[in-house]
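The structure appears right after this line, and notes come after that.
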Amino acid sequence: MISASNVTLRIGKKALFEDVNIKFTEGNCYGLIGANGAGKSTFLKILNGQLEPTNGSVTITPGQRLSFLQQDHFKYDSFSVLDTVIMGNQRLYDIMKEKDAIYMKEDFTDEDGIRASELEAEFADMDGWNVESDAATLLNGLGVDTEHHYDMMSDLPGAMKVKVLLAQALFGNPDILLLDEPTNNLDLDAIAWLEEFLITFDNTVIVVSHDRYFLNKVCTHIADIDYAKIQLYAGNYDFWYESSQLMIRQMKEANKKKEEKIKELQEFISRFSANASKSKQATSRKRALEKIELDEIKPSSRKYPYIDFRPEREIGNEVLSVEGISKTIDGVKILDDVTFTVGREDKIAFVGSNEFAKTTLFKIITGEMEPDEGSYKWGVTTSQSYFPKDNTNIFDTDLVIVDWLTQYSEIKDATYVRGFLGRMLFPGEDGVKKMRVLSGGEKVRVLFSRMMIEGSNVLILDEPTDHLDMESITALNNGLIKFPGVLLFASRDHQIVQTTANRIIEFLPNGTFIDKVTSYDEYLENDEMARKRQVYTMAETDQKDN
């Protein structure tokens, strides 16, 4: 168990947390949620000892081991992948290294023998003989192939480093596991594996994530940070959302009834206070009025943007045809003879671990990149808005937000443009911020503002939820569900894909693809059979060619 007692953290005059008291017990998985800036990551740092609170204390059951997901992706660059994972249990790793150092001595003494014997006993008690196989199991489950297990961390790409650090946090069955955004940069297969791992994990887990589907799958409780407090709810994310909304509605309804009662009493008192025959009743009602207290409903720190993509014209039957597109980059086949047709009612989610293929296709059909082979053609009634995965070049400008957005508006009026910014939680003065100084989340919301202003009937979105908080993701999800045009998108957010897509295109590692008209959950249920069919078809083709 890990608990916080009267924890307060002040940053300047602002109290991020105020007298927080909470216990996290064994066998439960707690989703720590809150608006951006509420202090989710900060609270995890307090729990793992990286940050000292202004007041209060954190207590861990004696003898229990705490593990957390490292955020420094370069910390272990001088170590191998396997060693990095095993360092998740530092004591076990230290024993291994001390044993190895003793056995490497040329002048092995009796004292060395005694020490080695002690270490061997402790090593066996910690199930040390299975250490490499246990580490390999975690790595393989997360999609880090065996061929990379002895690579140096410095040689790995960023996405693979994240998986290794996650395996490190999970290693050795920690008693308390703290995970800050563990699904970031994970492919959907790795996320599914992590979900199953946490569902069967018997100890204490505290996780921060913007993935609502993930929280629903793994969490037994939700710890909600708001008003500088942390309120605990039993149940998953959806249960928390329903419960919190119900609580607010009940408080508002109770206050409404109290306000009606107050008005009734005030009217009676005002009418009869001067009437001698009614004076006792007026006095009695005055006492009753003094006892009525309205429930305090504090404004939440959560703010939901309003995202509403409205096409300016209806789309025709011919939307997009892609014919035999192939693309090789740096000697690697990214797309291989990709052919498909998009219909006027299609909402297509592009999925699969081959993220480069999705981004490359989007760049080709938006004219940013030329294919090596093949072609594409947009229908004459279509207009496209594109949300790129990498927006660095877009924001490399000295323009302020309002001036930049006005370029994309037919109505060249700052007030009109500011209306879109207001929906996206930019107050009036923020409109004159320079584009290049915006945060990641602000950049995303500016791009959504542009897409709303453009009024296109085809939206192309490449990982639009990166850098967004839960409230903005929820608003985007609702906006995409309502959108009457065509969607072509890639997203790691399971709930967005499931609630929005009616067709799935999965890119395979070799650049080929599977195309199914189905919901995402139905596709996943049949995923294994689909993969087997694809492998069989490819093998059959190879045999014919030979």
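Count residues from 1 along the sequence.
Summarising the local packing, NZ of Lys45 is surrounded by 12 or fewer heavy atoms from other residues, nucleotides or ligands at distances under 6.0 Å. The number of heavy atoms from other shown groups lying within 6.0 Å of NZ (Lys347) is above 12. Atom CD of Glu463 has more than 12 neighbouring heavy atoms from other residues, nucleotides or ligands inside a 6.0 Å radius. The environment of Glu368 atom CD is dense: over 12 non-hydrogen atoms of other residues, nucleotides or ligands sit within 6.0 angstrom.
Looking at Asn457 and Thr382, their side chains never bring a donor and an acceptor atom within 3.5 Å of each other. Between the side chains of Thr359 and Asp462, at least one donor N or O lies within less than 3.5 Å of an accepting N or O. No side-chain donor from either of Ser491 and Asp493 sits under 3.5 Å from a side-chain acceptor of the other. For the 3.5 Å distance criterion, the side chains of Ser385 and Glu454 qualify, holding a donor opposite an acceptor. Using modelled atom types, one finds a donor on one side chain and an acceptor on the other under 3.5 Å when comparing Asp180 with Ser41. A donor-acceptor contact under 3.5 angstrom links the side chains of Asn21 and Asn6, judged on distance only. Of the N and O atoms on the side chains of Asn48 and Gln50, at least one donor lies less than 3.5 Å from an acceptor on the other residue. Neither side chain, Asn55 nor Arg10, offers a donor N or O lying under 3.5 Å from an acceptor on the other. Using modelled atom types and a 3.5 Å distance limit, the side chains of Thr512 and Asn510 yield a donor-acceptor pair. A donor-acceptor pair shorter than 3.5 Å can be found between the side chains of Ser472 and Asp469. Between the side chains of His494 and Asp521, a donor-acceptor pair is found at a separation under 3.5 Å.
Taking 4.5 Å as the limit, some side-chain heavy atom of Pro464 sits within range of a side-chain heavy atom of Phe448. For the pair Leu179/Leu166, a side-chain contact is recorded, criterion being any heavy-atom separation below 4.5 Å from C-beta on. Contact annotation: the side chain of His221 never approaches that of Cys29 to less than 4.5 Å [non-hydrogen atoms, C-beta and beyond]. Contact of the Lys377 side chain with the Leu320 side chain is not registered, since no non-hydrogen atoms from C-beta on lie closer than 4.5 Å. With contacts defined as side-chain heavy-atom distances shorter than 4.5 Å, the pair Phe340/Val342 qualifies. Counting only heavy atoms from C-beta outward, the side chains of Arg503 and Thr518 never approach each other to under 4.5 Å. The shortest side-chain heavy-atom distance between Met153 and Lys161 falls under the 4.5 Å cut-off. In this structure the side chain of Phe395 reaches within 4.5 angstrom of the side chain of Val446, judged on heavy atoms.
Evaluation of the side chain to side chain contact (heavy atoms under 4.5 Å, CB included) rule for Gln231 yields Tyr233 as partners, not counting sequence neighbours. In this view, Ser154 satisfies the side-chain hydrogen bond (donor to acceptor under 3.5 Å, both in side chains) rule with no residue, not counting sequence neighbours.
Salt bridge absent: Asp77 and Lys75 never bring a charged side-chain N and a carboxylate O closer than 4.0 Å. A salt bridge between Glu370 and Lys327 is absent, with no side-chain N of the basic residue lying under 4.0 Å from a carboxylate O of the acidic one. Asp430 has no carboxylate O lying under 4.0 Å from a charged side-chain N of Arg445, or vice versa, which leaves the two without a salt bridge. Ion pairing between Arg436 and Asp398 holds under the 4.0 Å rule for side-chain N and carboxylate O. The pair Arg344-Glu314 meets the salt-bridge criterion, since a charged nitrogen lies less than 4.0 angstrom from a carboxylate oxygen. Ionic pairing of Glu355 and Arg492 is present here: one or more N-O contacts between side-chain nitrogen and carboxylate oxygen are shorter than 4.0 angstrom. Taking a cutoff of 4.0 Å between a charged side-chain nitrogen and a carboxylate oxygen, Lys263 and Glu260 do not qualify as a salt bridge.
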Applying side-chain contact (heavy atoms from CB on, under 4.5 Å) to Ile348 and Ile504, what does each step give before you reach the verdict? CA-CA 6 Å; Ile348 306 176; Ile504 305 295; over 6 Å; no
I would like to know whether Leu51 and Leu9 meet side-chain contact (heavy atoms from CB on, under 4.5 Å); could you show each step before the answer? CA-CA 10 Å; Leu51 187 63; Leu9 180 68; 4.0 Å; yes
Test side-chain contact (heavy atoms from CB on, under 4.5 Å) on Ile225 and Lys40 and set out the steps. CA-CA 7 Å; Ile225 302 178; Lys40 301 182 292 293; 4.0 Å; yes
Any chance you could lay out the side-chain contact (heavy atoms from CB on, under 4.5 Å) test for Leu47 and Ile206, step after step, and finish with the verdict? CA-CA 10 Å; Leu47 292 179; Ile206 306 172; 3.7 Å; yes
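With values rounded to the nearest 0.5 angstrom, Leu232 atom CG is found 10.5 Å from Leu32 atom CG. Between the CZ atom in Phe426 and the CG atom in Leu405 there is a gap of 8.5 Å [rounded to 0.5 Å]. One distance of note links CG of Leu16 with CZ of Phe43; it measures 10.5 Å at 0.5 Å rounding. To the nearest 0.5 angstrom, Asn184 atom CG is 8.5 Å from His210 atom NE2. Here CZ of Phe387 is found 7.0 Å from CG of Leu461. Values are rounded to the nearest 0.5 Å. Atom-to-atom distance recorded for Thr360:OG1 and Ile325:CD1 is 11.0 Å, nearest 0.5 angstrom.
Closest approach of Tyr306 to Asp308, counting heavy atoms only: OH-OD2, 3.4 Å. Closest non-hydrogen pair, Ala501 versus Phe489, comes out as CB-CZ, 4.0 Å. Residue Ala169 comes nearest to Leu177 through the heavy atom pair O-CD1, 3.3 Å, listed as atom of the first residue, atom of the second, then distance. Closest heavy-atom contact between Ala349 and Val497: CB-CG1, 3.7 Å. Nearest heavy atoms, Leu459 versus Met451: CD2-CE, 3.9 Å. For the pair Glu345 and Asn502, the tightest heavy-atom approach, listed with the atom from each and the gap, is O-ND2, 2.9 Å.
None of Lys482, Gln498, Gln495 except one satisfies the side-chain contact (heavy atoms from CB on, under 4.5 Å) rule with Asn477; the exception is Gln495. Between Phe362 and the options Phe356, Phe507, Phe350, a ring pair (Phe, Tyr, Trp, His ring centres under 6.0 Å) holds for only Phe350.
Listed for the Thr339 side chain is no donor-acceptor partner under 3.5 Å among the backbone atoms of Glu323.
Residue pairs meeting the side-chain hydrogen bond (donor to acceptor under 3.5 Å, both in side chains) criterion with at least one partner in residues 404-419, sequence neighbours excluded, do not occur; the list is empty.
Annotation: cation-pi pair Arg423/Phe420 present, NZ/CZ under 6.0 Å from the ring centroid and within 45° of its normal.
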